[in-house]
Trainee: 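Quick one: structure below, then a few questions.
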Amino acid sequence: MIEKTQTLWLDGALTGWEDGTTHLMTHTLHYGFGAFEGIRSYQQANGGTAIFRLEEHIDRLFASSKAAYLEVPFDRATIMAACTEVVRANGLRNAYLRPLVFVSEPNIIFAHWLNRVRVAVLAFPWEGYSDRNREEGTNAKFSPYVRPKAQAAFYKAKLCGHYALSVVAYSEAVRTGYKQAIFLDEDGMVCEATGDNLFLVKDQVLVTPPSSRSILMGLTRDSVMTLARELGYRVEERDISREECLTADELFTTGTASELLPVRMLEGHPVGTGKLGPVTTAVQQAFSAAAQGRAAQYKHWLTPV
Ligand code: PMP
């Protein structure tokens with residue numbers, strides 16, 4: 001359950017949480033035609049609060065909107081300022097931020113341009129998923145739902161409607177006794193988890209699917225590649241088969257909400273030793289240090305609130 005806050009940002013101004021409403025004729029509600037982001041702020045080692053990779057998240061929000069011909073009625077600086085204002089106004093430290101670009105009402109015909117584009121930024125306290133422990137990790141299966149491959153580029157956009165497939169794949173996984181699902185595409189190649197990217201570790205090398213597959217270009221994925229290389233590991237972006245996952249030494253997912261999460265069981269088999277692995281641990285620690293402002297070389301990833 002999320003803990004609601006006092007204040008949100010809507011269409012250019014801070015307003016009360018209860019004012020964050022829209023009519024049932026809202027276009028995005030019917031067709032999923034909207035774009036969003038998931039961002040985190042972290043309490044810093046020096047006592048302050050900072051937002052992790054804010055600029056890159058807002059760039060992605062604009063790129064996602066553009067891919068869907070949505071014109072965001074604010075500039076990047078305004079949306080970035082809205083993010084810091086919402087965190088500050090609510091006195092948040094470790095928090096999750098959700099900027100949302102959506103098409104309003106009253107027209108629910110496909111000509112979305114007849115309606116106003118609206119923008120909201122919500123934030124609420126967040127310490128990570130309560131059921132997804134950093135050490136315990138997750139228990140995953142390959143999803144019977146297939147990620148369309150022909151539209152790999154379109155999956156680079158974080159569009160609301162894409163998530164119908166994620167929600168159904170996640171539900172199917174949970175109903176069949178798993179906690180997470182991994183999408184394969186029409187070629188049977190690994191893409192990503194329902195809301196996270198995927199890495200495997202084999203013989204000390206980290207491997208993650210390339211951008212040519214239907215994946216979101218995750219910012220945690222990007223941070224992990226940078227941090228792992230700095231730690232001295234080789235990192236490869238290349239195709240991964242189902243079998244490679246099943247025989248990996250370590251497997252982990254990456255995403256803003258859950259950071260790095262080990263996949264300890266896959267299709268009922270332990271991954272590697274079935275325990276939290278050394279490479280996953282090393283990169284998890286480096287990630288926390290960067291996010292919490294304990295790594296001077298990554299200060300540029302942090303926007304103080
Ligand atoms: N893939 C999907 C489908 C996602 O929804 C997310 C979460 N935004 C990710 C990957 C991870 O992206 P990021 O690290 O930028 O949160």
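Bear in mind the structure is a predicted one, so any value in this text is a computation, not a measurement. Note that ligands are numbered from 1 as they come in the structure, with each ligand's atoms numbered from 1 the same way.
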Trainee: Kindly list each side-chain donor-acceptor pair under 3.5 angstrom involving residues 188-195, sequence neighbours excluded, with atom names and distances?
Mentor:
| from | atom 1 | to | atom 2 | distance (Å) |
| --- | --- | --- | --- | --- |
| Glu192 | OE1 | Asn197 | ND2 | 3.2 |
| Glu192 | OE1 | Leu216 | N | 3.3 |
| Glu192 | OE2 | Arg147 | NH1 | 2.5 |
| Glu192 | OE2 | Arg147 | NH2 | 3.1 |
| Thr194 | OG1 | Gln180 | OE1 | 2.6 |

Trainee: Can you tell me which residue pairs pass the salt bridge (charged side-chain N to carboxylate O under 4.0 Å, His left out) test with a partner in residues 282-305, sequence neighbours excluded?
Mentor: none

Trainee: When Phe52 is tested against each of Tyr298, Trp126, Trp301 for ring-ring contact (aromatic ring centres under 6.0 Å, His included), which residue passes?
Mentor: Trp301

Trainee: Starting from the N and O atoms of ligand 1, find every protein N or O within less than 3.5 Å and list the pair with its distance.
Mentor:
| from | atom 1 | to | atom 2 | distance (Å) |
| --- | --- | --- | --- | --- |
| ligand 1 | 1 (N) | Glu192 | OE1 | 2.7 |
| ligand 1 | 5 (O) | Lys158 | NZ | 3.2 |
| ligand 1 | 5 (O) | Tyr163 | OH | 2.5 |
| ligand 1 | 8 (N) | Lys158 | NZ | 2.8 |
| ligand 1 | 14 (O) | Leu219 | N | 3.3 |
| ligand 1 | 14 (O) | Thr220 | N | 2.8 |
| ligand 1 | 14 (O) | Thr220 | OG1 | 2.5 |
| ligand 1 | 15 (O) | Arg60 | NH1 | 2.9 |
| ligand 1 | 15 (O) | Arg60 | NH2 | 3.1 |
| ligand 1 | 15 (O) | Leu219 | N | 2.7 |
| ligand 1 | 16 (O) | Thr256 | N | 2.9 |
| ligand 1 | 16 (O) | Thr256 | OG1 | 2.6 |

Trainee: Take a 6.0 Å sphere around CD of Glu71 and say whether it holds more than 12 heavy atoms from other residues, nucleotides or ligands.
Mentor: no

Trainee: Give every donor-acceptor pair under 3.5 Å between a side-chain atom in residues 42-50 and any protein atom, sequence neighbours left out.
Mentor:
| from | atom 1 | to | atom 2 | distance (Å) |
| --- | --- | --- | --- | --- |
| Tyr42 | OH | Glu259 | OE2 | 2.6 |
| Gln44 | OE1 | Gly293 | N | 3.2 |
| Gln44 | NE2 | Tyr42 | O | 3.0 |
| Gln44 | NE2 | Ala291 | O | 2.9 |
| Asn46 | OD1 | Gly48 | N | 2.9 |
| Thr49 | OG1 | Arg93 | NH1 | 3.4 |

Trainee: Donor-acceptor pair, distance only, cut-off 3.5 Å: does the side chain of Thr176 make one with the backbone of Ala173?
Mentor: yes

